[in-house]
Amino acid sequence: MKVYNTLTRKKEKFVPLSNEAVTMYSCGPTVYNFAHIGNMRTYIFMDLLRRALKYENFRLKGVMNITDVGHLQSDADEGEDKMERAAKAQNKSPYEIAEFYTNVFFEDLDKLNIEKPEIIAKATEHIDDMINYVVELHKAGYAYETSDGIYFDISKFPKYGQLSRIKLDEQMAGARVEENTEKRNHQDFALWKKAEPTHIMQWQSPWGMGYPGWHIECSAMSTKYLGKIFDMHTGGVDHIPIHHENEIAQNEALTGKKSVNYWMHGEFMLVDGGKMSKSLGNVYTVSQLMNMGYDPMVFRYFCLNAHYRKKLNFTFEGMDACKKAYNRLLAALYLHKVSAESALPEKLEKYEKEFYEAIDDDLNVPLALGILFTMTKENPSKDYFELALKFDNVFGLRLDNAGPYQEEELKEEIPTEVSELVNARATAKTNKDWAKADEYRARITELGYAIKDTKDGTVLTKI
RNA sequence: GGCACCAUAGCCAAGUGGUAAGGCGCGGGCCUGCAAAGCCUUUAUCCCCAGUCCGAAUCUGGGUGGUGCCUCCA
C-alpha cells in the first residue's frame, strides 16, 4: 500500500517494521463533551486505513487514547481545566463526566461502523507511566522545573519542527499567548503541571501533587503498548504543529531515533465553507443528524465520497445528495443479491483489481466508490453482490443491508384528517373522478404529507 | 508576518503528461388519469496569464481567489 506521509510530504510504499502486526497509534477524543461530526470524520479516516490494511492482509495492533484527564483551556498555563469545567457545569465528578462521554463516543463509533482499535488506553489509568516518562526526560536533561511545572526544553532538541516544517524564529512569539516568563523558550511545553489545591484531578508525583501535560499522555501510552518505535500514527491535521511535534520531541529525545515511520493526518471538515465552531452554532453530532432523518451510514458515505486529505465541506444539501445516492446504491445491490445469474470471471477480476488499486493508492476511497457504482450497473448477478460485500470490508457501509427500495416509514401517527383524505382520494380515483382526486391530494400536501401511488398501493410520506 | 492546503460541469467529487470516473441536480424519454417514486438517457475541456513538451486539467514561473493552522482543537 502507498500512503501519504506527512513527515516527508510524499506518498510512500508502506513497509511495516514487523510482519507480526502493524503498530498504529491514533489520537482519540478528550471526553468532556459530545464528539461532533468533524471529530468523527477523522475516526472514519482511521477506520478506513485500518480496514484497508486488513484488506491487504496486514494484521493490526492499534492503540487509541481516551483523554479523561483535564487539560487546560490554553497552553498559556492559565484558564480552566476542560474536564473540571464540564464537571462543575453538570454538577458531577470529572470521572462521571469522562465515563458518560466515553460511552457516548463508543456508541457513536458503533453507529458509524467504526471498528475499535485493539487497545483503548485511558489517560487516568496510565499516570504512573507518564510520571516515569517525565522523570526520564528530566534526568536526561531535556526538561526543567519551574514554579508551576516541568517543561520540555525545545532548545535541546534541534530537530523540533520537522513535521510541520515551521522555523521557530519566524513564529510570532507570544502574539496571542501571554508569555510565561519562567519558560526558557517560547515553544517549551508542559510535561507535568503542579496543581493548585482546588484542582480536582491531581496525582502524587516527584514534584508534589499535579497532573500530566497533554502531549506526554500520548508518548507514554504509545511507548508502553507499541514500543519506542512504531509504524503509524494518525490524527487530525490540527495536531501536526503542536501535539505531534511535541510527541516527536518527547519520543526521540531519549532514543535519538525516528519514533514513527508514517504520520498520517485527516483533513478537516468545514461547515458551510468555514470552520466548525460552537460559537457559530454549526457543530453537529451524529445523534443530531439521526434526529434529522439521516442514517449514520449516510454520513459515513458522505465522508467516503471525498479523499481523506481534502477538506470536506459539510452541507445539508450534500447530505441529501448522499442519502439518495446511498439508498439507490442499496436498492441496486439488492437486484444483484436476489439474482441467480453468474458474472463473467474476467469482469469480476477487472472490478476487483480496480478496487484494489484505488484503495492501495493512499486510500482513494472516492474512486473506489465510483467503481462500485459502475459495477452495480452491470446485469444483475449474485457474484457482483458478493464482490460488493468484499469491498464493504473496506467501505464499512453495511452494504449487506441491501434491500428493495423502500419509502421511509412514517414514525408518527397519521392524523385522521389525512387518512380520511387518503381514503376519499382512493374512492374518487376508483370512480375516475380525477378533479376530486387531485383536490384531495392538494389538501394532503397542504397538511404536510406527500402521496405516491406505487404498484403496491398508495404510500404516504412526511414532507 | 510565517507555514500549509486547495481552485475540475448548477452542486459534491475522482483524475497529476496522452486526450475529462462516479454521485446529486437539471433537461429528455418510459411508466402514470395526472403527479410522485422508480427505470433509461443527456449534460464540462478543467480560475487567469506566460512557458516547457509532439502532446498539459495534470510540469514550471507569475497572478487571482478560497480555506486551515501558527492558542485548546479532529
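In what follows, every chain begins at residue 1, and chains take the letters A, B, ... in the order their sequences are listed.
Residues from residues 364-371 of chain A placing a heavy atom under 4.0 Å of any atom in RNA chain B, listed by number, are A:Asn364, A:Pro366, A:Leu367, A:Gly370.
Taking atom C1' in both B:A21 and B:A13, one finds a spacing of 10 Å when rounded to whole Å. One P atom belongs to B:C24, the other to B:A20, and the distance between them is 22 Å to the nearest Å. Nucleotides B:G51 and B:G23 are separated by 37 Å at their C1' atoms, to the nearest Å. When the C1' atom is compared between B:C6 and B:G38, the two are found 38 Å apart, to the nearest whole Å. When the P atom is used for both B:G15 and B:U67, the distance is 24 Å, rounded to whole Å. A distance of about 15 Å separates the P atoms of B:G28 and B:U42, rounded to the whole Å. Taking the P atoms as reference points, B:G22 lies 11 Å from B:U43, given to the whole Å. Comparing the same atom, C1', in B:A57 and in B:C49 gives a spacing of 16 Å after rounding to whole Å.
Across all strands shown, B:C3 forms a Watson-Crick or G-U wobble pair, both distances under 3.5 Å, with B:G68.
The only option from A:Gln187, A:His215, A:His239 that meets the side chain to side chain donor-acceptor pair (under 3.5 Å) definition with A:Asn246 turns out to be A:His215. The one candidate from A:Asp433, A:Asp453, A:Asp438 that meets the salt bridge (charged side-chain N to carboxylate O under 4.0 Å, His left out) condition with A:Arg425 is A:Asp453.
Between A:Lys2 and A:Asp360, at least one side-chain nitrogen of the basic residue sits less than 4.0 Å from a carboxylate oxygen of the acidic one, meeting the salt-bridge criterion. Between A:Glu352 and A:Lys390 there is a salt bridge, since a side-chain N of the basic residue sits under 4.0 Å from a carboxylate O of the acidic one.
For A:Tyr55 and A:Phe355, the gap between ring centers is short of 6.0 Å.
As judged by a 4.0 angstrom heavy-atom cut-off over every strand, A:His243 is placed among residues making no nucleic acid contact. Residue contacts shown for A:Gly318 are absent, as no nucleic acid heavy atom lies under 4.0 Å away. Across all strands shown, A:Lys377 has heavy atoms under 4.0 Å from sugar-phosphate atoms exclusively, and none from any base. If you check every strand for non-hydrogen atoms under 4.0 Å, A:Lys310 touches sugar and phosphate atoms only. Among the atoms of the strands shown, none is found under 4.0 Å from any heavy atom of A:Lys432.
Between A:Lys324 and B:G25 there is a side-chain N or O to OP1 or OP2 distance below 4.0 Å. Close to B:C69, at under 4.0 Å from its OP1 or OP2, lies a side-chain N or O of A:Lys275. In this model, the phosphate group of B:G25 is approached by a side-chain N or O of A:Arg328 to a distance below 4.0 Å at OP1 or OP2.
Atom CG of A:Asp433 and atom C1' of B:C34 are 13 Å apart (whole Å). Between A:Leu270 atom CG and B:A74 atom P there is a gap of 15 Å when expressed in whole angstrom units. At whole-Å resolution of the value, CG in A:Asp272 and P in B:C12 are 12 Å apart. A straight line from CG of A:Leu330 to P of B:G38 spans 14 Å, rounded to a whole angstrom. One atom, CG of A:Asn327, and another, P of B:G38, lie 10 Å apart when rounded to the nearest Å. Going from atom CG of A:Asn313 over to atom P of B:G10 covers 18 Å, rounded to whole Å. Straight-line distance from the CG atom of A:Leu363 to the P atom of B:G15: 12 Å, rounded to whole Å. When rounded to the nearest whole Å, the span between OH of A:Tyr326 and P of B:C24 equals 15 Å.
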Checking side chain to side chain contact (heavy atoms under 4.5 Å, CB included) for the pair A:Lys193/A:Tyr151: CA distance, chi angles, key distance, verdict?
CA-CA 9 Å; A:Lys193 294 282 290 184; A:Tyr151 285 81; 3.7 Å; yes

Let me see the working for A:Val298 and A:Met319 under side chain to side chain contact (heavy atoms under 4.5 Å, CB included), right down to the final yes or no.
CA-CA 7 Å; A:Val298 171; A:Met319 280 292 285; 4.0 Å; yes

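Each of B:A37, B:A74, B:A14 was ranked by its minimum atom distance to the side chain of A:Lys452; first place goes to B:A37.
Stacking between A:Phe373 and B:G23 is absent: the aromatic ring centre is not both under 5.5 angstrom from the base six-membered ring centre and within 30 degrees in plane angle.
For the residue pair A:Tyr326/A:Asp295, the side-chain donor-acceptor check at 3.5 Å is not satisfied. Between the side chains of A:Asp153 and A:Asn185, a donor-acceptor pair is found at a separation under 3.5 Å.
Contact of A:Asp453 with B:C34 (side chain to base): a donor-acceptor pair of N or O atoms is detected under 3.5 Å. For a distance-only test at 3.5 Å, the side chain of A:Arg441 fails to qualify as a donor-acceptor partner of the base of B:A36.
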